[in-house]
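Here is the structure we will look at, set down as structure tokens.
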Amino acid sequence: MTTEIKDSGTVEAADGHGLGRAYFERAAGFVLEVIERNLPVFRDTYPAPASEGNVYPGIGNIEWTSSFWTGMLWLAYDLTGEAKYREAAEYQLASYKQRIEEQIETETHDLGFLYSLSAVAEYRLTGNETAKGTALQAADLLAARYFPKAGIIQAWGDLSDPEQCGRMIIDCLMNLPLLYWASEVTGETRYAEYAKTHVAQAAKYLVRPDDTSYHTYYMDVETGAPKYGNTHQGYADDSCWARGQAWGMYGFLLSYLYTGDKSLVGLSKRLTDYFLTRLPEDGVVYWDLVFTEGTEQEKDSSASAIAVCGMLELTKHLPLGDPDKRRYEDLALELLAALGRRYTTADLPGSNGVLKHAVYNKPRGMGIDECNLWGDYYYFEALVRVLKNWKPYW
Ligand code: GLY
């Protein structure tokens, strides 16, 4: 394979696998078609986190996932420059503003996902001051979830809830950019300090010596002592939840972008190398990496889409002489193409999703073998990364 990603992020293709720029343009064209059909439907409502029978119901802006839809609108605008996508994304800002002002379902670290892909994206792309203020309000609420003794941001629930108190989760790495961004725009260092301390604790306690990851880990918020790791969405406490590993692959790098701490690139590499040892024949992982080829378990295409974004970012930070640079580039493009060939809803005309065969939460019976909104978002982000020199909203 001779596909090459230039500094511009553009694929200059000439290879035997048909993975040229034209291939990825067609794949992005399909995502744009789905977005176009959904534009009038998801304006005052948002797709639910997971589809039902491959169709997303519409819900209010109450879930941790709303911004994956708004983020797709920003990606569509970024890629095409077409005003209709920008208008649709801008229209939704009022809903995010109301949500943070009225604190509707805001007791969650997912404020990072929610406001990075909506208000921060808008501020970065248009300079809108209301978007900036809204994102800063979200950053304040996120920062309030930081426990100084434990050095972590609590993932879920009320801060005094004994079941959730002191619990960090690997997904949170994706929420930290909101804090770094807040420090950049306000000059107040505390946001970034919380994020840096959290990422160090995540590296220490969530990543295991064999380069797998815990989904969640409890810290004692009074003494700062580590307690124990367990799972919420994985198969077992000591297994490796596929999406968690992908959040780690990408998430540690996002902190590297803001801190320049090279050890985070090394961590991302370790998690990536483990993930790549667990690929089934068609390149799309099962929902927990304990499962491999031959199992009846479901795939989680969303984990693969996140992993591809992480690998595309990772290649940017490896020196030219590093043989892994080319290996990750090639594999990322192959995995992205594998998703495009067999995992999109192109053969399901009644679907309003993009990527099928994902799993939301298998232990709780949620969104199993369905589309999910973050799978759609990261698949599109990966395509945009390949097709243009994309500046992350994260
Ligand atoms: N961050 C929640 C999930 O990945 O399901």
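Just so you know, these numbers come straight off a predicted model, no measurement behind them. Read the numbers this way: they start at 1 and go in the same order the structure lists the ligands and their atoms.
Closer than 4.0 angstrom to ligand 1 sit non-hydrogen atoms from W64, D171, Q233, W241, R243, W247, Y360.
Residue pairs meeting the salt bridge (charged side-chain N to carboxylate O under 4.0 Å, His left out) criterion with at least one partner in residues 258-283, sequence neighbours excluded, are D211-R270, K269-D322, K269-D324, D273-R327, D282-K299. Contacts classified as ring pair (Phe, Tyr, Trp, His ring centres under 6.0 Å) and involving residues 270-295 (residues at least two apart or in different chains) are given here: Y235-F291, W287-F291.
Judged purely by atom type and a 3.5 angstrom limit, N38 has no side-chain atom pairing as donor or acceptor with the backbone of V41.
Using a 30° and 60° split on the angle between ring planes, Y115 and Y96 fall in the perpendicular class, above 60°.
A cation-pi arrangement is found for R43 relative to Y91, the charged atom lying closer than 6.0 Å to the ring centre and inside a 45° cone about the ring normal.
Legend: residues meeting side chain to side chain donor-acceptor pair (under 3.5 Å) with S213, ordered by chain and number and at least two apart, are Q245.
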